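The model shown is predicted, which means the values in this text are computed figures rather than measured ones. For reference, positions follow the sequence shown, starting with 1. Just so it is clear, the values below take in all heavy atoms, side chains as well, and ignore hydrogens, waters and symmetry mates.
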Amino acid sequence: PLFRSQIFFEVHFVSERKALGRVTSWEDPFTEHWKIKRQFVRHEANLLRERSSNRGWHGQLTSEALDLLHQHSLQNGITNLQRAAIDWLVNNEYNEKVGVDSQYLLRSLEQLDEQWNQCPVDPDHELRKENVKKLVSAINSYQDWCASVLEKLRDIYPATQKRSHEQLAMLLKCYHKTFALSPS
């Protein structure tokens with residue numbers, strides 16, 4: 001597992017290499033930010049797994065991780081739409097691996113939809129075609145995942161468990177939201 005100091009070192013090292021100009025073929029800021037966010041979420045997912053928690057990840061990151069992500073987005077001109085797209089890409093990936101709380105996923109989807117619709121310029125201008133394709137692929141993947149969960153509805157959400165109804169309702173809200181999203 002990665003510890004805070006290791007994550008800091010990796011981000012600091014990457015930033016230093018970039019600042020010193022030692023990297024000639026650096027990735028675009030969107031991809032950099034996505035990879036950094038994935039690293040922080042991977043750390044949190046590993047902690048969740050170590051605790052053997054059955055509950056999904058609720059999206060919490062340490063204040064240090066949030067500060068670094070914020071600083072990186074400011075320094076690299078990451079827009080609100082790009083941040084929302086990166087959040088959804090990472091959340092969807094980890095939902096399939098360790099499970100992400102449906103309320104958190106719904107907030108992430110709503111934020112993506114809101115930023116997409118409020119984009120002052122054409123959203124395709126802010127997101128490269130390959131990033132829009134990643135986004136659409138992640139949404140399709142989530143829809144497929146939801147469909148597979150719904151096929152096992154009675155096993156996953158037994159009617160005898162009180163919390164099952166709430167969890168199913170949130171899953172259906174997320175599933176519905178993916179069909180209402182604008183990216184195509």
Side-chain angles (χ1 to χ4, degrees), residues 1-4 6-7 10 30-31 33-66 69 80-117 123 127 129-184:
L2 290 175
F3 297 100
R4 185 181 309 171
Q6 290 172 303
I7 292 172
E10 287 184 36
F30 182 94
T31 303
H33 198 76
W34 174 64
K35 286 184 175 183
I36 293 169
K37 173 105 185 203
R38 283 179 69 211
Q39 187 72 21
F40 287 128
V41 173
R42 180 181 303 127
H43 174 71
E44 294 300 324
N46 287 338
L47 290 177
L48 183 69
R49 196 175 306 125
E50 287 173 9
R51 289 185 217 127
S52 308
S53 177
N54 297 6
R55 303 180 69 187
W57 181 62
H58 286 60
Q60 302 93 344
L61 291 175
T62 64
S63 61
E64 294 85 1
L66 293 172
L69 286 166
N80 290 337
L81 174 59
Q82 290 170 328
R83 260 197 319 275
I86 289 166
D87 286 349
W88 172 252
L89 289 169
V90 173
N91 293 339
N92 180 61
E93 178 182 347
Y94 280 89
N95 182 55
E96 292 179 7
K97 291 180 180 179
V98 296
V100 175
D101 179 71
S102 292
Q103 288 181 338
Y104 180 68
L105 280 176
L106 183 60
R107 282 193 308 272
S108 181
L109 283 166
E110 288 171 342
Q111 183 70 20
L112 176 59
D113 190 40
E114 179 182 327
Q115 292 304 320
W116 188 274
N117 291 321
L127 293 175
K129 285 186 182 186
E130 63 266 17
N131 295 332
V132 173
K133 286 181 183 177
K134 280 184 197 176
L135 191 56
V136 170
S137 177
I139 290 168
N140 291 337
S141 170
Y142 181 75
Q143 290 170 342
D144 292 344
W145 179 82
C146 283
S148 72
V149 167
L150 291 173
E151 287 175 3
K152 305 172 209 160
L153 178 69
R154 291 186 179 161
D155 296 330
I156 296 174
Y157 300 110
T160 57
Q161 291 184 359
K162 185 178 181 179
R163 186 141 158 72
S164 290
H165 298 286
E166 296 168 12
Q167 291 171 325
L168 177 59
M170 286 307 297
L171 175 78
L172 291 172
K173 284 180 183 179
C174 290
Y175 189 48
H176 179 264
K177 187 67 177 173
T178 61
F179 288 101
L181 287 173
S182 301
S184 56

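In this structure the side chain of Lys37 reaches within 4.5 angstrom of the side chain of Leu61, judged on heavy atoms. Here the side chains of Trp34 and Lys134 are in contact, with some heavy-atom distance below 4.5 Å. Side-chain atoms of Phe40 and Val90, non-hydrogen and from C-beta on, never get closer than 4.5 Å to each other. The shortest distance between side-chain heavy atoms of Leu171 and Leu105 does not fall below 4.5 Å. With a 4.5 Å cut-off on side-chain heavy atoms, His33 and Gln82 do not count as touching. A heavy-atom distance below 4.5 Å is not found between the side chains of Trp145 and Asn92. By the 4.5 Å heavy-atom criterion applied to side chains, Leu112 and Asp87 are not counted as neighbours. Proximity of Leu135 to Leu181: side-chain heavy atoms (C-beta onward) are nowhere separated by under 4.5 Å.
Within a 6.0 Å radius of NZ in Lys177, more than 12 heavy atoms belonging to other residues, nucleotides or ligands are found.
With hydrogens and angles ignored, the 3.5 Å screen pairs a side-chain donor or acceptor of Ser164 with a backbone N or O of Pro158. Asn95 contributes no side-chain N or O that, together with a main-chain N or O of Asn91, makes up a donor-acceptor pair within less than 3.5 Å.
Separating the CG atom in Asp101 from the OG atom in Ser108 is a distance of 12.0 Å, to the nearest 0.5 Å. Considering CG of Leu106 and CG of Leu172, their distance stands at 11.5 Å, rounded to 0.5 Å. Atoms CG and NZ, from Leu150 and Lys152 in turn, are 10.5 Å apart once rounded to the nearest 0.5 Å. Of the inter-residue distances, the one linking Gln167 atom CD with Gln103 atom CD reads 10.0 Å to the nearest 0.5 angstrom. In this structure, Ile156 CD1 and Leu168 CG are separated by 10.0 Å, a value rounded to the nearest 0.5 Å.
Nearest heavy atom pair, residue His58 against residue Arg107, reads O-NH2, 4.4 Å. Minimum heavy-atom separation, Tyr175 to Tyr142: N-CE2, 4.2 Å. For Met170 against Ser102, the heavy-atom pair with the smallest separation is CB-CB, 3.5 Å. Minimum heavy-atom separation, Leu127 to Trp116: CD1-CZ3, 3.6 Å. Minimum heavy-atom separation, His165 to Gln161: CD2-O, 4.1 Å. The heavy-atom pair separating Ala138 from Leu89 by the smallest distance is CB-CD2, 3.6 Å.
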**OP:** Starting from the C-alpha separation in whole Å, work towards a yes-or-no answer on side-chain contact (heavy atoms from CB on, under 4.5 Å) for Gln111 and Asn80.
**Re:** CA-CA 9 Å; Gln111 183 70 20; Asn80 290 337; 5.6 Å; no
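With respect to Arg163 and Glu166, a salt bridge is recorded, a charged nitrogen being found less than 4.0 Å from a carboxylate O.
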